[in-house]
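This report concerns only the one structure given below.
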Amino acid sequence: MKSSVIVCLFLTLLIAVTMAKPADKSRVKEEAKLSDEEHYGQDEHNPDYDHDAFLGHEEAKTFDNLSPEESMERLGKIVEKIDKDKDGFVTEEELKEWIIHQQRQAIDRDVVERWNVVNSQKDDKIGWNEYMRGTYGADEQELEDELTRMKENDHMDFSTMIRRDKKRWKVADLDHDGELTYEEFVGFLHPEEKPHMREIVVEETMEDIDKDGDGFVNIEEYIGDMWPKSEREKDGAVEPDWVVSEREQFFAFRDKDGDRKMDKEEIGQWILPEDYDHSEAEAKHLIYESDTDKDGQLTKAEILAKYDLFVGSQATDFGEALTRHDEF
């Protein structure tokens with residue numbers, strides 16, 4: 001095989017890890033649907049979660065370069081967009097719809113970007129080898145030939161990612177024709193968005209955390225996924241309060257049947273709870289923190305008064321969306 005393919009394999013590693021390996025922040029976890037940030041960490045509220053949820057992660061980053069005056073002005077314009085009936089109040093439902101809209105926009109931008117990269121034929125479907133070439137720089141057979149010539153430690157991660165990609169591809173391929181339409185590709189890249197992908201997300205999470213391969217996640221595997229061994233073994237390392245809290249959460253809420261371990265069903269309820277609406281919960285949280293007169297809705301003045309909560313000390317997350325003039 002040409003050396004350029006080998007080089008391409010390593011050049012695309014970061015992209016491949018982001019897309020194919022749902023570990024750490026890229027694995028779907030509880031509130032990761034709205035932000036990669038944890039909403040509450042080490043017993044403290046993390047406002048970056050709210051900024052991402054309200055503005056969208058990419059747009060939030062652009063606001064970091066704005067002055068407080070500029071970001072305040074833009075926040076006012078956002079409020080006017082959210083208030084769809086123009087009655088001067090932002091209701092919980094309007095805020096929820098806005099958060100869903102921001103989430104959808106972020107997913108759409110990601111899928112369009114990846115679709116354009118891998119869809120070499122520029123048609124309405126993507127084939128498996130077409131995806132492989134666009135992501136890993138070679139088709140499946142070429143990669144298998146190359147991986148057999150690499151040392152085991154070098155090709156282990158690639159083999160795992162390709163195997164996982166292929167399994168997820170088959171689940172996303174609803175009509176079983178071996179190719180993915182755009183909507184099927186959405187499920188492949190963002191399986192948390194499609195109900196029929198739920199089981200594969202659970203399987204991938206179990207595979208990442210279940211280190212002894214017994215089909216369950218025990219307390220040490222659960223904590224070990226969040227608090228790396230390298231951190232635990234540092235000289236003088238003391239278990240942080242948030243780890244103590246997670247141990248309590250595991251036994252009080254994660255391990256529902258009390259057998260001191262989580263099975264696949266319990267893993268599913270942890271990472272993709274069916275009875276929990278993230279957008280609704282975030283809307284309720286923002287209103288609770290900002291509704292000074294406690295009438296259950298927000299005025300522009302109340303939102304601007306809580307500027308830091310919505311957009312941060314320097315700005316929010318909606319700069320690019322405003323310049324795009326996207327519809328809502």
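We number each residue from 1, following the sequence as shown.
Formation of a donor-acceptor pair under 3.5 Å by the E192 side chain with backbone atoms of I271 is not found in this model. In this structure, the side chain of W169 engages the main chain of G178 through a donor-acceptor pair within 3.5 Å. Judged purely by atom type and a 3.5 angstrom limit, T205 uses its side chain to pair as donor or acceptor with the backbone of V201. Not a single donor-acceptor pair under 3.5 Å links the side chain of E282 to the backbone N or O of S279. In terms of modelled atom types and a separation under 3.5 Å, the side chain of R232 and the main chain of W227 share a donor-acceptor contact. Here the side chain of K211 pairs a donor or acceptor atom with the backbone of D208 at under 3.5 angstrom. Judged by distance alone, the side chain of N129 and the main-chain N or O of R133 form no donor-acceptor pair under 3.5 Å.
Pairs passing the salt bridge (Lys or Arg N to Asp or Glu O under 4.0 Å) check and including a residue from residues 116-132, sequence neighbours excluded, read K125-D175, K125-D177.
Between D110 and V112, every side-chain heavy-atom pair lies at or beyond the 4.5 Å cut-off. A 4.5 Å side-chain heavy-atom check between F216 and E221 finds every atom pair outside the cut-off.
Aromatic ring orientation, H101 versus W98: tilted (interplanar angle from 30° to 60°).
Every side-chain hydrogen bond (donor to acceptor under 3.5 Å, both in side chains) that D277 has, sequence neighbours left out, goes to K96.
The distance from atom CH2 of W270 to atom NZ of K256, rounded to the nearest 0.5 Å, is 13.0 Å.
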